[in-house]
*Asks:* 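Have a look at the structure that comes next, please.
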Amino acid sequence: MIDSHCHIAGAEFAGDLDAVVARAQAAGLEGALTILAADDEAELTRAADVSRRWPDVRFSIGIHPHAAGNFAASPEDAAAAVEAALAAQPAARAVGEVGLDYHYDFAPREAQHAVFRAQIALARHRRLPLVIHTREAEDDTFRLLAEEHAGEVPVVFHCFTGNTATARRVLDAGYDLSLAGIVTFPRAIELKEVAAFVPLDRLLIETDSPYLAPVPHRGKRNEPAHVALVAEAVAALRGDTPQRIREATTATFRRIFNP
Ligand SMILES: [Zn+2]
Ligand SMILES: [Zn+2]
């Protein structure tokens, strides 16, 4: 089983990374895709600690939409920062998380668009998959991905939270989607429908650690070991076995990220 999206190079894990990795391996994880922010020097540096402790970890590097405002004057600098970080990180396998966030709107939308476009172009140029963050911005996310021909590389909608109609749209565009611990929340009715609906070869599971801890850990720091709970929830919703969900999502991960 693989956690397809976590932030274990973040400061939240600096104090007990050994224990976090040990619990992940004890839970049966073969690896994890760790997201690095290209504009966070400290996080890029801590990635080396993650690799030392867990050599099977792979990285995805991007400028998050929250930070797009810092590149408003020159969006190409965002892509340049990602390109430099990719060149310095031999275990990098993807560009992301990148996208649009209209829920928080921390950056002006125009800047979010320009920085997103520049990073789609980079992913195509480098032939790397894209890890997409989109929140309350689905229409523009689909539009920009299409306009920038993102379909030339694999595209993953991480922490998918839409309904089955939006999931259909993701799949029809040729993209894949990843479910996080939200699928364990009792009130996430529509997302539970999505978990039963998505073909297994288009589905990933993730924790988004340290955020979004699944039931029964809600409100606490999340960690990659808890992706097992996401697999169990998805299995129950599909009437399938956790074993099959673990194997299928791992196969999907390997197809997309070529780890
Ligand atoms: Zn995200
Ligand atoms: Zn994330």
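Order of appearance sets the numbers: ligands from 1, and atoms from 1 within every ligand.
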*Asks:* Please say yes or no: joined through hydrophobic side-chain contacts below 4.5 Å, possibly via intermediate residues, are Leu179 and Val155 part of one cluster?
*Replies:* yes

*Asks:* So, Thr252 and Asp201: side-chain donor and acceptor under 3.5 Å apart, yes or no?
*Replies:* no

*Asks:* Under 4.0 Å between a side-chain nitrogen and a carboxylate oxygen: does that hold for Arg202 and Asp176?
*Replies:* yes

*Asks:* Around the Zn ion (ligand 2), list the protein N/O/S atoms within a radius below 2.8 Å, excluding water molecules.
*Replies:* His5 NE2, His7 NE2, Glu97 OE2, Asp208 OD1

*Asks:* Test His133 against every option in His103, His5, His7, His64 by the ring pair (Phe, Tyr, Trp, His ring centres under 6.0 Å) rule and name the one that passes.
*Replies:* His64

*Asks:* Between Arg143 and Asp139 (salt bridge meaning N to carboxylate O under 4.0 Å), is one present in this structure?
*Replies:* no

*Asks:* Just checking Phe157 against Phe142, ring centres under 6.0 Å apart?
*Replies:* yes

